[in-house]
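The structure displayed is predicted, hence computed values, not measured ones.
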Amino acid sequence: MPVAIKRLPLYVILVLLGVSFLFPFVLMVLGSFQKVGRAIADPLFWIPDEPTLYNFQYIFEASNFARWIGNSLFLTLVPVVTQMFLAALLGYIFAKKRFFGREFIFWTLMAVVMVPNQLLIIPKFIMFSEFGWVNTYASIIVPELWAIMGVFLVRQFMQTIPNDMEEAAYIDGAGDFRVFFQIMLPLAKPALATVGTFAFISCWNDLFTPLIFLTTENMYPITVGLSSLLTKEGNFGIEMAGAVISFIPTFLIFLFFQRYFTEGIAMSGIKS
C-alpha cells in the first residue's frame, strides 16, 4: 500500500484540526463587518449579508481609542525591552558562569512559574496600595520587568553555544561584558526573539491585571478599553471589530519574528 494512502487518515485529521482552529478567526473577521442589529439566533449571524465598516468607525470615533493604543504600546514595549535584556543577562550567567548554589537558585526561581498569577493578585493589590501604585502604570509594568521563563529559554539556548568561543575571547583579552555584548548577545538573537514575542503577546493581551489596578478610563490599555466599550454596547459586530483591532499587532509581531521564533524554540530544547 502506498505511503500516501496509509497517511490519508492522518492528513484528514490534521485538516479537520486546522479548520477547527481557523474557524474562530474567520468568524471574528467576518463578524466585524456585520451590521448592527443582526439577530444572533440566526445560525449564520456571523456572515455579513450587508458588509459595513460602521463597527470600526464607531470604535475609532466613539471612544478613547488612540489613547488606549498608546497606553498599550507603553505598557507592552517597556516590559518587552527589559525582559529581553534581563533574560539575556541572567540566561548567560546561569548557562556559562559557575558559582555556589547556581542550580538551586535557578530552579527555585523556576518554581515561581508554578504559582498562578490569580493567586498573587490580592497580595499584590495590598502591597501596591501601600506603595500608592494603584491606578498607576507602575503596578502594571514593574511586575513584568522580567520573566523567569524568558531566562529559562535563553539559558537553554546559550548552553548549546560551545564554551570554546567564550574561552577564545578571554584568551584574546576580552572581559565578561565584552564577551556578553559582542559574542553571546548576537548569537542569542533567535532565543531573544522568542522571549520578545512571548512578552509582547502576553503584555498586549493582558486584560486581568489592568482591570484590577487601573480605574481611570484614560489610562486603560486597548484590552480594558474595548472591554468597557463592549460592555456598554453589547453588539456582536462591535465586539468582533474590537477583537480584530486588538489581534492585528500580535499577529504582525509573530509574523515578523516567526523565523527566529521557531529557531529559538527548537534550539532552546536541544540541551537541558
Which atoms form the tightest heavy-atom contact between [X] and [Y], and what is the distance?
X	Y	value
Ile141	Phe74	CD1-CE2, 3.4 Å
Met240	Gly31	CB-C, 3.6 Å
Lys97	Asp176	NZ-OD1, 2.9 Å
Ala88	Leu192	CB-CD2, 3.7 Å
Leu207	Ser227	CD1-CB, 4.1 Å
Phe181	Pro186	O-CD, 3.4 Å

Check your understanding: Which residues pass the side chain to side chain donor-acceptor pair (under 3.5 Å) test with Asn205, sequence neighbours left out?
Key -> none
Transitively linked via ILVMFWY side-chain contacts under 4.5 Å: [X] with [Y]?
X	Y	result
Phe177	Met84	yes
Leu252	Phe200	yes
Val78	Ile201	no
Phe208	Leu120	no
Ile253	Ile248	yes

Please examine the side chains of [Y] and [X], heavy atoms only from C-beta on, and report whether any two atoms are closer than 4.5 Å.
X	Y	answer
Leu86	Val151	no
Thr223	Asp206	no
Glu166	Met184	yes
Tyr220	Asn64	no
Ile222	Phe65	yes
Phe247	Met28	yes
Lys124	Trp133	no
Trp146	Thr82	no

Should we count [atom1] of [X] as having more than 12 external heavy atoms under 6.0 Å?
X	atom1	result
Phe60	CZ	yes
Phe99	CZ	yes
Phe251	CZ	no
Arg102	CZ	yes

Practice item. I would like to know whether Tyr92 and Val154 meet side-chain contact (heavy atoms from CB on, under 4.5 Å); could you show each step before the answer? Key: CA-CA 7 Å; Tyr92 169 63; Val154 177; over 6 Å; no
Check your understanding: Can you tell me if Asn71 and Tyr137 form a side-chain donor-acceptor pair at under 3.5 Å?
Key -> yes
Flag, side chain of [X] to backbone of [Y], donor-acceptor distance under 3.5 Å:
X	Y	value
Ser246	Gly242	no
Thr209	Ile140	no
Thr76	Ser72	yes
Asn135	Thr216	yes
Thr108	Phe104	yes
Lys96	Ile161	yes
Ser32	Val29	yes
Ser20	Leu17	yes

How long is the straight-line distance from [atom2] of [Y] back to [atom1] of [X], given to the nearest 0.5 Å?
X	Y	atom1	atom2	answer
Phe152	Leu109	CZ	CG	13.0 Å
Thr136	Met219	OG1	CE	6.5 Å
Glu61	Tyr54	CD	OH	9.0 Å
Phe85	Leu145	CZ	CG	12.5 Å
Trp68	Leu73	CH2	CG	15.0 Å
Phe94	Trp107	CZ	CH2	11.0 Å

**Study point:** Chi angles and distances behind the side-chain contact (heavy atoms from CB on, under 4.5 Å) call for Ile93, Phe106
**Key:** CA-CA 10 Å; Ile93 292 173; Phe106 176 75; over 6 Å; no
Review point. Please walk me through it: do Phe33 and Asn55 pass side-chain contact (heavy atoms from CB on, under 4.5 Å)?
Key: CA-CA 7 Å; Phe33 298 102; Asn55 301 319; 5.8 Å; no
Practice item. Test side-chain contact (heavy atoms from CB on, under 4.5 Å) on Leu153 and Phe157 and set out the steps. Key: CA-CA 6 Å; Leu153 287 172; Phe157 186 92; over 6 Å; no
Check your understanding: Mind checking whether Phe128 and Phe131 have parallel, tilted or perpendicular rings, split at 30° and 60°?
Key -> tilted
